[in-house]
Amino acid sequence: MKTIGLLGGMSWESTIPYYRIVNETIKEHLGGLHSARVVLYSVDFQEIERMQHAGDWDAAGRLLAEGARRLEAAGANFVVLCTNTMHKVAPAIEAAVGIPLLHIADPTAAAVRAAGFRTVGLLGTAFTMEQPFYRDRLQERHGLRVLVPDEAERRRVHRVIYEELCLGRIVPESREDYRAIMAGLVARGAEAIILGCTEISLLVSADDAQVPLFDTTWLHARYAAEQALGTL
């Protein structure tokens with residue numbers, strides 16, 4: 001079994017499910033008392049959040065690249081960046097280490113396509129919804145058509161992530177707001193919704209949407225475990 005390097009803390013609220021899902025997947029495959037070989041490097045999210053909103057992506061890339069180097073030095077066979085937004089700096093991480101980075105968009109898109117869908121709605125931070133680093137990978141590499149909420153809705157989605165979910169706050173009114181935003185995406189043609197922020201699955205589930213939801217946290221963590229086992 002390979003050793004998984006989790007680069008987490010963005011936020012720690014969503015890094016916890018990564019650890020759980022990875023180990024559940026290993027147990028599902030191997031049974032008994034088997035669990036995953038994992039190295040975790042967890043950053044101080046306050047620093048990352050400041051860099052994000054200041055637009056200092058170079059500094060954020062250097063910080064996460066250093067985290068990835070520490071995972072490699074600790075024996076990780078590959079890196080799993082436990083966040084969607086910070087895949088904006090994936091090139092900096094990949095350049096810093098000699099081990100692979102398992103990009104979160106790839107298993108997500110593979111699952112969407114395997115289910116027979118081609119048009120998806122995307123929820124995430126404003127960075128993920130508005131900037132090309134994530135949408136372009138889904139569209140150009142995987143052939144998906146990606147719809148995002150309108151500007152006012154994007155602001156609401158973003159605010160809930162940073163002011164509620166990253167702090168472990170689950171607000172019923174925000175769930176209702178997300179339901180309405182997802183319904184709007186479906187009305188525009190979305191056949192499925194990608195929960196493109198690792199915290200969103202803390203708030204909404206399959207019962208909250210008219211179409212299938214693709215939880216990037218679950219898909220990414222499970223993909224990592226299966227890579228560790230060599231089943232993919």
Side-chain angles (χ1 to χ4, degrees), residues 6-20 40-64 67 80-90 92-93 103-105 108 120-135 137-138 146-185 193-205 208-209 213-221:
L6 296 180
L7 185 50
M10 297 164 280
S11 66
W12 66 263
E13 293 283 350
S14 62
T15 302
I16 290 172
Y18 266 89
Y19 186 73
R20 175 179 52 78
L40 169 65
Y41 184 84
S42 189
V43 303
D44 179 357
F45 189 39
Q46 185 72 48
E47 295 179 48
I48 297 290
E49 187 273 342
R50 176 179 55 78
M51 294 170 184
Q52 288 175 339
H53 287 91
D56 195 353
W57 298 101
D58 288 343
R62 290 192 296 271
L63 191 155
L64 293 183
V80 176
L81 181 58
C82 304
T83 164
N84 286 271
T85 296
M86 295 314 297
H87 278 74
K88 180 176 173 67
V89 301
I93 296 170
H103 199 292
I104 195 168
T108 300
V120 295
L122 175 64
L123 298 183
T125 67
F127 312 113
T128 299
M129 292 186 287
E130 295 172 0
Q131 297 184 21
F133 70 93
Y134 197 91
R135 289 185 290 107
R137 192 175 186 102
L138 294 174
V146 180
L147 306 175
V148 297
D150 67 29
E151 183 178 359
E153 291 172 334
R154 293 196 302 269
R155 286 198 300 269
R156 298 205 301 274
V157 171
H158 183 90
R159 183 197 64 77
V160 168
I161 291 167
Y162 281 91
E163 296 181 15
E164 296 173 14
L165 301 180
C166 287
L167 298 173
R169 296 178 57 218
I170 306 301
V171 179
E173 291 80 7
S174 295
R175 180 179 293 112
E176 291 301 320
D177 202 14
Y178 270 50
R179 285 175 173 170
I181 291 169
M182 290 190 291
L185 290 169
I193 305 288
I194 291 176
L195 304 184
C197 173
T198 51
E199 283 83 17
I200 294 178
S201 58
L202 302 174
L203 180 67
V204 298
S205 65
D208 296 304
L213 301 181
F214 287 82
D215 176 6
T216 54
T217 301
W218 188 87
L219 291 165
H220 199 204

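Numbers here are sequence positions counted from 1.
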Who passes side-chain contact (heavy atoms from CB on, under 4.5 Å) against [X], sequence neighbours left out?
X: R169; result: E164, L167, V171
X: L147; result: T119, R145, L185, R188, A190
X: A209; result: M182, L213
X: I16; result: W12

Mind checking side chain to side chain donor-acceptor pair (under 3.5 Å) for [X] and listing every partner two or more places apart, or none if nothing turns up?
X: S11; answer: E199
X: R135; answer: none
X: R50; answer: none
X: T217; answer: none

Distance from [X] atom [atom1] to [Y] atom [atom2], nearest 0.5 Å?
X: T85; Y: Q52; atom1: OG1; atom2: CD; answer: 6.0 Å
X: T108; Y: R137; atom1: OG1; atom2: CZ; answer: 11.0 Å
X: L63; Y: E47; atom1: CG; atom2: CD; answer: 5.5 Å
X: T125; Y: Y162; atom1: OG1; atom2: OH; answer: 5.0 Å
X: L64; Y: I93; atom1: CG; atom2: CD1; answer: 5.0 Å
X: L6; Y: C82; atom1: CG; atom2: SG; answer: 4.5 Å

Nearest heavy-atom neighbours spanning [X] and [Y]:
X: I200; Y: L195; value: CG2-CD2, 3.8 Å
X: S201; Y: T198; value: OG-O, 3.9 Å
X: G124; Y: C197; value: CA-CB, 3.9 Å
X: P17; Y: E13; value: CD-O, 3.2 Å
X: H103; Y: A90; value: CD2-CB, 4.4 Å
X: G196; Y: T128; value: O-CG2, 3.8 Å

Report task. Start with the C-alpha distance between L165 and V160, add both sets of side-chain angles, then the distance that settles side chain to side chain contact (heavy atoms under 4.5 Å, CB included), and finish with yes or no. Result -> CA-CA 6 Å; L165 301 180; V160 168; 4.0 Å; yes
Say whether, by atom type as modelled, one donor and one acceptor occur between the side chain of [X] and the main chain of [Y] under 3.5 angstrom.
X: Y178; Y: V157; result: yes
X: H87; Y: A105; result: no
X: R175; Y: L203; result: yes
X: T15; Y: G9; result: yes

Requested in this report: Using ring pair (Phe, Tyr, Trp, His ring centres under 6.0 Å) as the criterion, list what pairs up with F127, not counting sequence neighbours.
Outcome: H53, W57, H158
Query - ring pair (Phe, Tyr, Trp, His ring centres under 6.0 Å) against Y18, all qualifying residues, sequence neighbours excluded - result: H220
Query - Sequence-distant partners of E163, salt bridge (charged side-chain N to carboxylate O under 4.0 Å, His left out), two or more places apart - result: R159
Query - Counterpart residues, salt bridge (charged side-chain N to carboxylate O under 4.0 Å, His left out), relative to E151 (two or more places apart) - result: R155
**Report entry** Residue F133 excluded, over 12 heavy atoms near CZ under 6.0 Å
**Finding:** yes
Query raised in the report: Which one of D215, V120, L123 satisfies the side-chain contact (heavy atoms from CB on, under 4.5 Å) criterion with I193?
Result: L123
**Report entry** Criterion side chain to side chain contact (heavy atoms under 4.5 Å, CB included) on V148 and R154, from CA distance to verdict
**Finding:** CA-CA 8 Å; V148 297; R154 293 196 302 269; 4.1 Å; yes
Query raised in the report: Does a donor on one side chain and an acceptor on the other come within less than 3.5 Å for T216 and N84?
Result: yes
